[in-house]
Amino acid sequence: MVFVRTTPPRPVDVTTVFPELAPLARPAIRLHPRPGSPSVRESSVGGPLLWPAEEPWPHCESSHLHFDSWFRQSPAIVRLERRMRARWHPDSGDFEPTPEEEALKERSAARLAERLAVSPPPAECPVPMLPVAQLYLRDIPLLRPPGQADLLQILWCPYDHEPDNKPSTALFWRSAAAVVDILPTPPEPYEANYPGYVPEPCVLAPEAITEYPGSLDLSPELRLMVEDLSRWQAAGVSVDSAYGDYPRDFYDCELADAPGWKVGGWPPWGRTDPYRRYCAVCDVQMVPLLTIASFEWDGGGGRSWAPCEDQAAAYAAHYAGQNPSQPTAVEVGSTDNMQLYVCPTSPEHPHTDLIQ
């Protein structure tokens, strides 16, 4: 069965109201990650990587001792507790681990005791990075790989890093055909600084859409046009009453850029005004590569972006197990987005990231 997710049509064709916005349209691909069991040969979020056995697994070389270590759980235990919570039902009170889960907890406790007995502590040693996303060009044609590469792999260190208290990220481009012997058991960190830094394995349902810039990315003239209610009325458009006399909010929430995990498109500004990023090597303005989102949609007007196949879950009063709007279990910042940017002239130049 083919896994499909479809963004509902937008309430308004924004270029009918504002033809001036048509040249600003950008392609994007919503990834629509959903919990599953991806293989190394599939695009995924938090899944296993097609990693060459002869290539060292990436480690974060930074010191991590200055972080508060009250949260002492391995990625395996984080995922285990999620599975247990997903099984819990208020009527049965079933929250007991299975024998296999008990064994995993015991192994984790022994590993933690071993960790605390080591001097210097392992947090001072290089920390194995965790897979965040694996994207094949065949699934995500918006990728701009260098040379003959057709696979992008993204990992991060599950600790906060200065200056913005976010995971440090690493990008790897490679040719999938060149990987013959696959690393069977990649190393994992002893612990994560925060459970939201441990992605849940997810399969993807990539969907191509068209986006328009949020109002913060518009010129002052275009921003005034979007704010002008009479312009909407002249085009015969009735702005959703939930937005009252603020058509700019209607534009931003319902018509501009899509929420959730995506490749390309326009960045979802919010915490700050637009902050241009420039390549450290050639000084070219960088472009959005990947948006790592805490939520696929929010509880307000953003629920209209929930795929047609998920509308019932998006508007449900209650849900069991994992929040349907947070299938990856990832949280960055204050439930914000992490945007990765790359150089448009050379993807091999160092990338950068930004929390929004």
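In what follows, residues are counted from 1 in the order of the sequence shown.
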**OP:** Decide side chain to side chain contact (heavy atoms under 4.5 Å, CB included) for Ser168 and Ser62; before the verdict, give the C-alpha distance in whole Å, the side-chain angles of both, and the deciding distance to 0.1 Å.
**Re:** CA-CA 9 Å; Ser168 64; Ser62 300; 5.7 Å; no
**OP:** Give, for atom CG of Leu340 and atom CD1 of Ile154, the distance between the pair rounded to the nearest 0.5 Å.
**Re:** 5.5 Å
Original post:
With a 3.5 Å cut-off and no angle check, do the side chains of Gln153 and Arg174 form a donor-acceptor pair?
Top reply: yes
Subject >> Partners passing salt bridge (Lys or Arg N to Asp or Glu O under 4.0 Å) against Arg248 (at least two apart in sequence or in another chain) >> reply: Glu227
**OP:** Measure the spacing between CG of Leu130 and CD of Glu188 and express it to the nearest 0.5 Å.
**Re:** 5.5 Å
**OP:** Could you pull out all residues at least two apart from Asp217 that satisfy side-chain hydrogen bond (donor to acceptor under 3.5 Å, both in side chains)?
**Re:** Trp269, Arg276
**OP:** Flag the pair Val132 / Val45 as yes when at least one side-chain heavy-atom distance between them is below 4.5 Å, and no otherwise.
**Re:** no
Original post:
Among side-chain atoms of Tyr159 and Glu191, is any donor-acceptor pair under 3.5 angstrom?
Top reply: yes
Subject >> Partner set under side chain to side chain contact (heavy atoms under 4.5 Å, CB included) for Pro128, not counting sequence neighbours >> reply: Trp57, His59, Pro187, Pro189
Original post:
What distance separates Asp160 CG from Asn165 CG, expressed to the nearest 0.5 Å?
Top reply: 5.0 Å
**OP:** For this output row, return yes or no: ring centroids of Phe18 and Trp232 closer than 6.0 angstrom.
**Re:** yes
Original post:
Does any N or O in the side chain of Thr291 come within less than 3.5 Å of the main-chain N or O of Ala293, such that one atom is a donor and the other an acceptor?
Top reply: no
Original post:
Residues in salt bridge (Lys or Arg N to Asp or Glu O under 4.0 Å) with Arg26, at least two apart?
Top reply: none
**OP:** Name all residues meeting the side chain to side chain contact (heavy atoms under 4.5 Å, CB included) criterion together with Ser43; count only those two or more places apart in sequence or in a different chain, and write none if there are none.
**Re:** Tyr136, Asp139, Leu204
**OP:** Report the C-alpha separation of Glu42 and Gln134 in whole Å, then their side-chain angles, then the decisive distance to 0.1 Å, and conclude whether the side-chain hydrogen bond (donor to acceptor under 3.5 Å, both in side chains) test is met.
**Re:** CA-CA 8 Å; Glu42 294 177 290; Gln134 174 167 269; over 6 Å; no
**OP:** Quick one: list whatever passes side-chain hydrogen bond (donor to acceptor under 3.5 Å, both in side chains) with Glu54, sequence neighbours left out.
**Re:** none
**OP:** Ignoring hydrogens and angles, tell me if any N or O in the side chain of Gln326 forms a donor-acceptor pair with the backbone of Val330 under 3.5 Å.
**Re:** yes
Original post:
With Arg144, which residues qualify under side-chain hydrogen bond (donor to acceptor under 3.5 Å, both in side chains), at least two apart?
Top reply: none
Original post:
Quick one: hydrophobic cluster around Val281, which other residues, with the 4.5 Å side-chain cut-off, linked directly or via members?
Top reply: none
**OP:** Would you please say whether a donor-acceptor pair under 3.5 Å links the side chains of Glu207 and Thr7?
**Re:** yes
Original post:
Who pairs with Ala25 by side chain to side chain contact (heavy atoms under 4.5 Å, CB included), at least two apart in sequence or on another chain?
Top reply: Thr210, Tyr212
Original post:
side chain to side chain contact (heavy atoms under 4.5 Å, CB included) with Pro58: which residues, sequence neighbours excluded?
Top reply: Trp51, Met129, Leu155, Phe172
Original post:
Got a sec, which hydrophobics cluster with Val180, joining ILVMFWY side chains under 4.5 Å apart, including via others?
Top reply: none
**OP:** List for me each residue that meets salt bridge (Lys or Arg N to Asp or Glu O under 4.0 Å) alongside Arg10, sequence neighbours excluded, and say none if there are none.
**Re:** Glu254
Original post:
Does the Arg223 side chain pair with the main chain of Ser215, one donor and one acceptor, at a distance under 3.5 Å?
Top reply: yes
Original post:
Checking side chain to side chain contact (heavy atoms under 4.5 Å, CB included) for the pair Phe295/Asp336: CA distance, chi angles, key distance, verdict?
Top reply: CA-CA 8 Å; Phe295 290 92; Asp336 297 314; over 6 Å; no
Original post:
If you take all heavy atoms of Gln356 and Pro268, which pair is closest and at what distance?
Top reply: CB-O, 3.8 Å
**OP:** Flag yes if more than 12 heavy atoms outside Glu348 fall under 6.0 Å of its CD atom; otherwise flag no.
**Re:** no
Original post:
Is there a donor-acceptor contact under 3.5 Å from the side chain of Trp261 to the main chain of Ser294?
Top reply: no
Original post:
Does Glu200 reach the main-chain N or O of Gly46 with its side chain, forming a donor-acceptor pair under 3.5 Å?
Top reply: no
